[in-house]
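Encoded as structure tokens, the structure appears first; notes follow it.
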There are 2 protein chains.
Amino acid sequence: MTAPAPRRSTKQREAVREALEASDEFVSAQALHQSMRAEGSTVGLATVYRALAALAEDGEADALQSAGELLYRACTKTHHHHLICRSCGRTVELEAAAVERWAGQVAAAHGFVEPDHVVDIFGLCAECAAERDARRSAG
Amino acid sequence: MTAPAPRRSTKQREAVREALEASDEFVSAQALHQSMRAEGSTVGLATVYRALAALAEDGEADALQSAGELLYRACTKTHHHHLICRSCGRTVELEAAAVERWAGQVAAAHGFVEPDHVVDIFGLCAECAAERDARRSAG
DNA sequence: GTGAAATTGACAATCGTTCTCAACAGCACC
DNA sequence: GGTGCTGTTGAGAACGATTGTCAATTTCAC
């Protein structure tokens, strides 16, 4: 086992957690840092990165990579997946017991153990789709 | 629409394609470049990046991000997913009509259109698991 | 063969992320 | 309320992957 990682609670980490929870979407560390700065915080960029990594490790945030960036979002602690609008970033949390089972079965069938999986669906949400259609028929 | 992108066939691009097809695993552009250099090619790193991006765009290679790196692998052109050993990189291509359907249904249920999805399963392949268990019980 | 245009390779530039390190702050103990 | 140990912070440098630049080269239609 690794060391139990004593984790102190600090103002900065709390601030990062709050800022993250204030957003419904996946945000980058950079963007979160900027918005915190804009609200008067003097938090450092490195601290935001560290806090987000800690939150993700503790299961209080979900992380995903998109376009070479690490994005974070405050999430429920239970295992789940995401449906993400690729235009506005709106996110819906999904439960998918069937997919979990499928992943486990497929892994086992090929002799793989300790399966972990990445299942995310990207699309255009209704609003963004409507907006785009309006623009398209207008253009 | 963007321009039809005239694509010339060059020795370098062919070399990159061959090098990629010679690997069963997902490899990074850097690693591919190194191995090509090691075999005597004088191909440039930027060229490898460009060739891989072109292959991925043409559907001749699949790309995924892992640990902040872009990894590529020569794949069949039909849509599929991957079961990847997180230790040795061994990869199994999966077809999963059920998951496709699920993704489409879930997206539609939430008003999302043009669903695209990322479904990859990571695990330990039988060999790597056995190896680790042997080491564990020995240690 | 000729010419226009895409491609190449070396290198610089960019961008996100992590590291370094001295100053600081949380927490357990007195 | 002090005191000390140790984790944490913030600024900037460092890092690594990727992309841009640009002159020289190569491809391809003619």
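Just so we're on the same page: letters track the sequence lines, and every chain starts at 1.
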Margin query: For a quick check, with a 4.0 angstrom heavy-atom cut-off, what is the B/S/- contact string for nucleotides 14-20 of chain D, read 5' to 3'?
Written below: ---SBBB

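- Separating the CD atom of Gln12(B) from the P atom of dT26(D) is a distance of 9 Å, rounded to the nearest angstrom.
- Judged as a salt bridge (charged side-chain N to carboxylate O under 4.0 Å, His left out), and not counting sequence neighbours, the contacts of Arg90(B) are Glu127(B).
- Within the 6.0 Å centre-distance limit, the rings of His82(A) and Phe26(A) are counted as a close aromatic pair.
- With sequence neighbours left out, Asp133(B) forms a salt bridge (charged side-chain N to carboxylate O under 4.0 Å, His left out) with no residue at all.
- OP1 and OP2 of dT26(D) both lie 4.0 Å or more from every side-chain N or O belonging to Ser9(B).
- Considering only side-chain atoms of Thr10(A), the nucleotide from dG26(C), dG10(D), dT7(C) that sits closest is dG26(C).
- Hydrophobic clustering of Ile, Leu, Val, Met, Phe, Trp and Tyr side chains at less than 4.5 Å, counting indirect connections, keeps Val27(A) apart from Leu71(A).
- Residue Lys11(A) has its side chain nearest to dG26(C) when only dT8(D), dG26(C), dG10(D) are considered.
- Each end of the helix from dG1(C)-dC30(D) to dC30(C)-dG1(D) yields a helix axis from five base pairs, and these two axes differ in direction by 40° (to the nearest 10 degrees).
- Qualifying side chain to side chain contact (heavy atoms under 4.5 Å, CB included) partners for Glu100(B), counting only residues two or more places apart in sequence or in other chains: His79(B), His81(B), His117(B).
- Within the structure, the salt bridge (charged side-chain N to carboxylate O under 4.0 Å, His left out) test picks out the following pairs touching residues 102-123 of chain A (sequence neighbours left out): Glu114(A)-Arg86(B), Glu114(A)-Arg132(B).
- Thr42(B) contributes no side-chain N or O that, together with a main-chain N or O of Gly40(B), makes up a donor-acceptor pair within less than 3.5 Å.
- Distance, Arg17(A) CZ to dT8(D) C1': 16 Å, rounded to whole Å.
- When the P atom of dG10(D) is taken as reference, atom CZ of Arg13(A) falls 11 Å away, rounded to whole Å.
- If you measure from atom CD of Glu14(A) to atom P of dT8(D), you get 14 Å, rounded to the nearest angstrom.
- For Arg8(A) against dT6(D), a side-chain-to-base donor-acceptor contact under 3.5 Å is present.
- Close to dA11(D), at under 4.0 Å from its OP1 or OP2, lies a side-chain N or O of Arg37(A).
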